[in-house]
Amino acid sequence: MKNALENIKNEAIEALSKSEDLKALEDLKVKYLGKKGELTAILKQMGKLSAEERPIIGQLANEVRSKIEAKLAESQEALKKKVLEKQLKAEKLDVTVPGQTFEIGKKHPLTIVMDEIKEIFLGMGFDVVSGPEVELDYYNFEALNLPPDHPARDTQDTFYITQNTLLRTQTSPVQIRTMEERKPPIRIISPGRVYRSDALDATHSPVFHQIEGLVVDRNITMSDLKGTLEMFIKSLYGEDSQIRFRPHHFPFTEPSAEIDVMCFNCHGEGCKLCKGEGWIEILGAGMVHPKVLTNCGIDPEEYSGFAFGLGLERIVMRRFSIDDIRMFFENDMRFLNQF
Ligand code: PHE
């Protein structure tokens with residue numbers, strides 16, 4: 001029995017010093033010191049010993065147990081230290097490494113100018129309203145006095161969804177929706193996307209932006225239209241900018257005009273920017289057609305109004321010297337980061 005105890009001690013101490021991880025140590029603890037362990041097995045046989053032998057073996061067994069326990073504690077300590085050191089090395093933090101920067105988003109160039117234009121009109125007492133991009137034929141064409149054979153109604157120019165619904169080709173349907181909902185005095189602008197079945201090239205895109213304007217009240221005249229647009233253009237392009245009206249035709253305004261702004265590059269001389277014209281067309285406008293007022297339940301004998309529609313892309317392209325409309329929609333970060 002003495003030998004058996006000695007053997008257990010030596011074996012256990014050897015195994016404990018070789019063991020490489022905490023789990024293995026735990027297993028050894030169970031193997032030697034556990035309830036079903038080797039030491040316990042020997043102690044269970046103590047009953048067979050004589051009265052003289054029992055205290056001697058008992059003492060020896062206690063010594064063996066405390067030796068093994070001490071070795072176990074020592075090995076555990078050493079291993080824990082090793083693990084910690086390894087962890088510290090692996091998780092070393094270099095506090096001098098530069099931090100990660102978060103990229104902050106920017107406004108799209110179209111949004112920059114759109115916001116500016118909204119501000120100008122808000123300052124003149126206009127409301128900003130919006131309308132649906134998927135629109136009924138009635139609002140996009142019929143109520144705007146566009147006759148059934150009008151070229152804009154052709155499938156070559158318009159994206160139809162069903163016979164009755166389409167992607168709006170202009171923001172003018174918001175005129176109708178507004179006049180149906182509000183009583184004069186009305187003073188609104190309505191910015192938004194419009195769609196036309198155009199092939200994509202440097203100056204055409206099947207989706208682009210317009211800003212519609214509508215004013216309806218008693219005694220509104222062409223001079224109110226002129227004053228409003230002059231004020232707007234001077235706010236946008238500076239005090240010395242000039243506009244001119246050219247006669248034009250729109251089915252929903254009478255009389256109608258196209259409005260040009262004097263080329264700020266050559267001041268009317270003619271240059272590359274304005275294609276030699278000296279003037280650049282930016283707006284369609286006119287006095288709201290009496291038939292359109294009637295369609296919306298507004299009496300043209302009592303009220304009159306003006307409306308205008310301007311194309312945003314052209315204005316933004318000129319502002320930032322962008323020569324290809326496709327840049328707006330490609331979302332190339334090299335382009336977007338310049339604004
Ligand atoms: N909707 C017209 C267009 O897209 C512009 C316009 C709006 C003209 C309002 C007159 C009045 O060309």
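Order of listing sets the numbers, starting from 1, for every ligand and every atom in it. We number each residue from 1, following the sequence as shown.
For atom 2 (C) of ligand 1, the closest non-hydrogen atom of the protein is Gln170 OE1, 3.7 Å. Shortest contact from atom 12 (O) of ligand 1 to any protein heavy atom: Phe250 CE2, 3.7 Å.
Heavy atoms of His249 stay at 4.0 angstrom or farther from ligand 1.
The distance criterion of under 3.5 Å between nitrogen or oxygen atoms is met by Ser172 with respect to ligand 1. For ligand 1, none of its N or O atoms has an N or O atom of Glu212 under 3.5 Å away. The distance criterion of under 3.5 Å between nitrogen or oxygen atoms is met by Gln210 with respect to ligand 1.
Geometrically, Arg168 does not engage Tyr195 in a cation-pi contact, judged by NZ or CZ lying under 6.0 Å from the ring centre and within 45° of the ring axis.
With ligand atoms numbered from 1 in the order given, ligand 1 contributes 8 (C), 10 (C), 11 (C) to contacts under 4.0 Å with heavy atoms of Ala285. The ligand atoms of ligand 1 that sit less than 4.0 angstrom from a heavy atom of Phe308 are 7 (C), 9 (C), 11 (C). Within ligand 1, the atoms closer than 4.0 Å to a non-hydrogen atom of Gln175 are 9 (C), numbered from 1 in the order shown. Distances below 4.0 Å separate heavy atoms of Gly309 from the following atoms of ligand 1: 6 (C), 7 (C), 9 (C).
The side chain of Arg196, and not its backbone, has at least one atom closer than 4.0 Å to an atom of ligand 1 (non-hydrogen atoms only; side chain from C-beta on). The side chain of Phe252, and not its backbone, has at least one atom closer than 4.0 Å to an atom of ligand 1 (non-hydrogen atoms only; side chain from C-beta on).
Salt bridge annotation for Asp260-Arg246: present, with a cationic side-chain nitrogen under 4.0 angstrom from a carboxylate oxygen. The pair Glu239-Lys234 does not count as a salt bridge, with every side-chain nitrogen at least 4.0 angstrom from each carboxylate oxygen.
The only member of Glu11, Lys71, Glu69 that meets side-chain hydrogen bond (donor to acceptor under 3.5 Å, both in side chains) when paired with Tyr32 is Glu11. Of the residues listed (Phe245, Phe252, Phe121), the one engaging Phe308 in a ring pair (Phe, Tyr, Trp, His ring centres under 6.0 Å) is Phe121, and it is the only one.
The aromatic rings of His248 and Phe250 are tilted relative to each other, their planes meeting at an angle between 30° and 60°. Relative orientation of the His108 and Phe328 rings is tilted, given thresholds of 30° and 60° on the angle between their planes.
Side-chain atoms of Asn140 and Thr169 form a donor-acceptor pair, as typed in the model, at a separation below 3.5 Å.
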